[in-house]
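The structure appears right after this line, and notes come after that.
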Amino acid sequence: MHCRPGFESEVAAEMQELSAQKGIAGYPITRDGAAVVRFVCPEDGDAGRLMRKLDFRQLIFVRQWAVGTWLDVPADDRISPIISACAKGPIASSMWLETADTNDGKALAALTKKLGRPLETALTKTRFVRPAKTDAPRLHVFFESGERLFVGWSWAGNAAPWPMGIPRLKVPRDAPSRSTLKLEEAWHHFIPRDEWDKRLAPGMTAVDLGAAPGGWTWQLVNRHMKVTAVDNGPMAKSLMDSGQVEHVEADGYMFKPKKPVQWLVCDIVDKPARSSAMLSRWLTRGWCREAIVNFKLPMKQRYREVMQCLEHVQDALDEANIRAHIACKQLYTDREEVTCHVRILHAASYKVEQ
Ligand SMILES: C[S@@+](CC[C@H](N)C(=O)[O-])C[C@H]1O[C@@H](n2cnc3c(N)ncnc32)[C@H](O)[C@@H]1O
């Protein structure tokens, strides 16, 4: 499993809890800062079973995953052992060469670049990779070092759609801050592309709490929404000139919308418990239908803290008899934080309270 460097123990805690829930024995092996975690299932076939039983979207700290085996390879012929390992696995539709998202990983770039073409040729010749088999899994060849690598597989519907789970998103030229990518990546992660036109539709209304200088507001404006941007700090002039933004200088945690909106987004740096309480209030009072809120994480007990926040939101929704879909992910663009998404599906007695 790939993760953000420094979050290996969160991945370990998450996988231990989930594997126990699914009744599959396994244990994590972690090294701080490695940006990858191994989860070892000693019983034959259990790792694949665990992967099938888990929904990748449910995983918070895992960026990408694959099931497979580790190999030691000699420096003078790395390809033959990879081909032998592929002979024992499923046919793949494509191959991704990966390293860890660390400086050590980056140092392997020259090697993976050199190996990419000949390895792909060998794999298509031996027919262990067949691009026409579009429903086949992807093959991941992960280099821990020049002599140690992992050969594994992931299935497109149950894994990240990018190598190492890293999306290739570019900061739009006129966006006022790099943070703009956080909301864009969140949409890519939480909203299927074919639903964007319906769920991120022109004319919708949105509130952006902690909006300045306006990276997230820029994304909403770019989808032609009308945005109330709440922040005591200044908003970028270009956004205010769009005529689609109302800037309210106020405390985001105290702010109440005059009318319900479709979208609430919040990127305020504060205690996660404050943000989850605010999110619960918005959802249960009918102030928004869909929300994306960042939870800034403390230094310790980060997995526990996130789970408590999510439980708090779920409890509040249950109590209000509101059925909703809650998801949470540490996105590539997230640093010491995770992004929570909630979409209201059905509210039994849905009414707006002030
Ligand atoms: C990480 S920045 C937001 C960046 C923004 N999402 C963007 O893309 O440009 C956090 C913002 O939250 C604001 N902030 C902090 N506490 C706040 C509060 N209680 N209410 C409203 N805004 C707050 C800060 O002024 C700051 O502009």
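Counting starts at 1 for both ligands and their atoms, in listed order.
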Worksheet item: Where's the contact between Pro176 and ligand 1, heavy-atom distance under 4.0 Å: side chain, backbone, both or neither?
Response: neither

Item to complete: Give the residue and atom name of whichever protein heavy atom lies nearest to atom 21 (C) of ligand 1, and the separation in Å to one decimal.
Response: Gly252 N, 3.3 Å

Item to complete: Between Gly210, Ala236, Pro234, Gly215, flag the one that comes closest to atom 7 (C) of ligand 1 by a heavy atom.
Response: Gly215

Item to complete: First locate atom CD of Gln244, then atom CZ of Arg223, and finally report the distance between them rounded to the nearest 0.5 Å.
Response: 12.5 Å

Worksheet item: How about Glu98 and His2: does a side-chain donor come under 3.5 Å of a side-chain acceptor?
Response: yes

Fill in: Sub-4.0 Å heavy-atom contact, Asn232 with ligand 1
no

Fill in: Shared hydrophobic cluster, Met164 / Phe150 (ILVMFWY, side-chain heavy atoms < 4.5 Å)
no

Item to complete: Indicate yes or no: does Glu43 engage Arg49 in a salt bridge with an N to O separation below 4.0 Å.
Response: no

Worksheet entry | Per-atom contacts, ligand 1 versus Ser177 - under 4.0 Å to a heavy atom | 7 (C), 8 (O), 9 (O)

Item to complete: Decide salt bridge (Lys or Arg N to Asp or Glu O under 4.0 Å) for Arg302 and Glu336; before the verdict, give the C-alpha distance in whole Å, the side-chain angles of both, and the deciding distance to 0.1 Å.
Response: CA-CA 9 Å; Arg302 297 181 291 199; Glu336 305 288 312; 3.0 Å; yes

Discussion item. Below a 4.0 angstrom heavy-atom separation, can you tell me which part of Pro213, side chain or backbone, both or neither, approaches ligand 1?
Written reply: both

Worksheet item: Does Asp251 come within less than 4.0 angstrom of ligand 1, counting non-hydrogen atoms of the residue?
Response: yes

Practice prompt. Give yes if a backbone or side-chain nitrogen or oxygen of Asp231 is under 3.5 Å from a nitrogen or oxygen of ligand 1, and no if not.
Written response: yes

Item to complete: Please work out which of the three classes, parallel, tilted or perpendicular, describes the rings of Trp65 and Phe56, given edges at 30° and 60°.
Response: tilted

Worksheet entry | Numbered atoms and elements of ligand 1 in range of Ala250, under 4.0 angstrom, heavy atoms | 20 (N), 21 (C)

Worksheet item: Taking the inter-plane angle between the rings of Trp282 and Phe255 on a 0 to 90° scale, is it parallel (under 30°), tilted (30 to 60°) or perpendicular (over 60°)?
Response: parallel

Discussion item. Among Ile268, Val265, Asp267, which one puts a heavy atom closest to atom 6 (N) of ligand 1?
Written reply: Asp267

